[in-house]
Protein chains: 2
Amino acid sequence: MAHGGGPGNAGADRGADRGADPEAVHAWARLVRVSGALVSAVEADLKAAGMPPLGWYDVLLELERAGDAGLRPVELQARLLVAQYNLSRLIDRMEAAGLVARAADPDDRRGQRLRITAEGLRRREAAWPVYRAAIGRHVAARLGPGEARTLAGLLGKLAG
Amino acid sequence: MAHGGGPGNAGADRGADRGADPEAVHAWARLVRVSGALVSAVEADLKAAGMPPLGWYDVLLELERAGDAGLRPVELQARLLVAQYNLSRLIDRMEAAGLVARAADPDDRRGQRLRITAEGLRRREAAWPVYRAAIGRHVAARLGPGEARTLAGLLGKLAG
DNA sequence: TGAAACTTGATGCATATGCATCTATATCAC
DNA sequence: GTGATATAGATGCATATGCATCAAGTTTCA
């Protein structure tokens with residue numbers, strides 16, 4: 001479970017809330033709390049079904065989309081917004097599990113190309129119905145398509 | 001940085017997206033990615049200013065609000081949505097840092113009452129301007145008050 | 001060309017998280 | 001009351017994360 005909780009309206013000067021209006025503070029508090037709870041819930045659903053965690057899924061999906069060319073770790077890093085050292089070890093684990101393969105990059109001898117293995121493909125495909133159902137339960141059941149679209153739009157602005 | 005990335009439209013049967021409509025899936029993907037990125041960014045801002053991490057802030061704020069009576073760990077756990085074993089050790093660290101105090105609960109000898117210390121109070125107060133500025137930079141600068149309110153509302157529905 | 005600066009990815013070490021389980025106390029059913 | 005069950009909180013162990021730094025390769029530019 002994520003840390004949640006609300007930022008402070010207990011701050012001394014409520015009247016002069018410099019730096020963030022109260023609506024933004026409230027939205028922030030909810031964002032942290034709700035996203036943490038939902039991620040935990042979905043993660044638990046995946047685990048309960050014997051599926052790999054979300055982070056693994058994301059890697060598998062990106063590599064699947066990248067196709068035969070594979071991806072450089074540094075590209076994957078940028079897409080998934082994970083820290084470099086973190087990705088390095090995530091790939092270690094996934095490689096050990098046989099889901100991805102590292103190969104030398106012919107164009108840059110510092111680098112690698114990562115590719116999904118057949119087994120990795122199978123695992124991602126097996127995970128998707130479970131993942132989709134979890135999203136259905138935790139998101140789609142609570143938000144209509146219009147609301148979901150609005151939410152995505154607002155989050156997009158936040159990502160700026 | 002959090003794991004981000006999108007769930008699969010690479011799934012086999014795109015036409016029959018049982019369990020979650022595409023809008024929900026998209027909103028979910030954005031939620032995970034954006035909230036992760038923002039939490040990382042805010043956390044980095046706090047750290048850069050020498051302030052305690054978000055999780056600590058949340059604990060301090062709840063305890064400050066609870067006042068003299070303090071809070072039971074189990075209550076804090078429910079409010080912050082953290083796992084029990086996790087909170088137990090978070091409190092260990094914060095106690096070691098002198099920001100919170102554990103005391104035996106007079107009404108339940110299994111339990112404790114947690115209270116914020118004077119130093120904890122000072123730390124939380126010192127952190128708030130930094131935290132507020134971070135929220136301002138990362139949220140308020142990108143969302144007007146009306147949008148922030150809409151976002152909070154949608155997230156509230158998601159929390160259901 | 002060749003030295004300085006930068007990029008890519010790995011890794012040792014400290015810290016944090018998750019899981020299972022444990023102890024102690026409280027509550028419930030009888 | 002007493003035994004069964006539930007709840008509060010801690011903890012050993014495995015795994016994951018963050019930080020700093022490193023080695024190897026690439027780019028830049030005098």
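Worth saying up front: this structure is predicted, and the values here are computed from it rather than measured. We name chains A, B, ... by the order of the sequence lines, and we start the count at 1 in each one.
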Sub-3.5 Å donor-acceptor pair from the side chain of B:Glu43 to the main-chain atoms of B:Leu54, do we have one?
yes
Given D:dC13, C:dT11, D:dG9, identify the nucleotide with an atom nearest to the side chain of B:Val74.
D:dG9
Using a cut-off of less than 4.0 Å, is there contact between a side-chain N or O of A:Gln112 and OP1 or OP2 of C:dA10?
yes
Which atom pairs link the protein and nucleotides 22-25 of chain C when you take only N or O atoms and keep those under 3.5 Å?
from, atom 1, to, atom 2, distance (Å)
C:dT25, O2, B:Arg110, NH1, 3.4

How many angstroms lie between atom OG1 of B:Thr117 and atom CZ of B:Arg122, to the nearest 0.5 angstrom?
7.5 Å
Five-pair end axes of the helix from C:dT1-D:dA30 to C:dC30-D:dG1, angle between them (10°)
30°
Honestly curious: do B:Leu76 and B:Tyr85 fall in one hydrophobic cluster under the side-chain, below-4.5 Å linking rule?
no
Test your reading of the model: is there a side-chain donor-acceptor pair from A:Ser40 to the backbone of A:Gly36, 3.5 Å cut-off?
yes
Contacting residues from residues 90-103 of chain B, given that a heavy atom lies under 4.0 angstrom of DNA chain D:
B:Arg102
Counting heavy atoms from C-beta on, name the nucleotide in C:dT17, D:dT17, D:dG9 closest to the side chain of A:Asn86.
D:dT17
Side chains of B:Trp28 and A:Leu151 in contact at under 4.5 Å (non-hydrogen atoms)
no
Work out which heavy atom in B:Ala152 is nearest to a heavy atom in A:His26; give both atom names and the distance.
CB-ND1, 3.8 Å
Between C:dA16 (P) and B:Leu87 (CG): distance, integer Å
14 Å
What I'd like to find out is whether the side chain of A:Tyr131 reaches to under 4.5 Å of the side chain of A:Asp45, using heavy atoms alone.
no
Please check if A:Leu121 and A:Leu99 belong to a single hydrophobic cluster, counting links between Ile, Leu, Val, Met, Phe, Trp and Tyr side chain heavy atoms closer than 4.5 Å.
yes
N/O (side chain, B:Ser88) to phosphate O (OP1/OP2, D:dA10) under 4.0 Å
yes
Side-chain contact, heavy-atom cut-off 4.5 Å: A:Tyr57 with A:Leu46?
no
Starting at the 5' end of DNA chain C and moving along, which residue's nearest nucleotide shows up first, A:Lys47 or A:Tyr85?
A:Tyr85
Rounded distance (Å) that lies between atom C1' of D:dT7 and atom CD of B:Glu75
14 Å
Counting distance only, does the side-chain N/O of B:Arg124 pair as donor-acceptor with the main-chain N or O of B:Leu60 below 3.5 Å?
no
Nearest-Å distance, CG (B:Leu54) to P (D:dG18)?
13 Å
Rounded to the nearest Å, what distance is computed from the CG atom of residue B:Leu46 to the C1' atom of nucleotide D:dG18?
16 Å
Out of B:Arg89, B:Arg102, B:Arg115, which one pairs with B:Glu95 under the salt bridge (Lys or Arg N to Asp or Glu O under 4.0 Å) rule?
B:Arg102
What is the distance, rounded to the nearest whole Å, between atom CG of A:Leu71 and atom P of C:dG9?
11 Å
Assign each of B:Pro73 and A:Arg89 the nucleotide of DNA chain D bearing its closest heavy atom; nearer the 5' end lies the nucleotide of B:Pro73
Regarding C:dA10, can its base be found pairing with the side chain of A:Gln84 as donor and acceptor, where the two atoms are less than 3.5 Å apart?
yes
Answer with base, sugar-phosphate or nothing: what part of the nucleic acid does B:Arg72 contact at a heavy-atom distance below 4.0 Å?
sugar-phosphate
Under 3.5 Å, is there any donor-acceptor pair linking the side chain of A:Arg113 to the base of C:dG9?
no
Report yes if the side chains of A:Val42 and A:Val139 come closer than 4.5 Å at any heavy-atom pair, otherwise no.
no
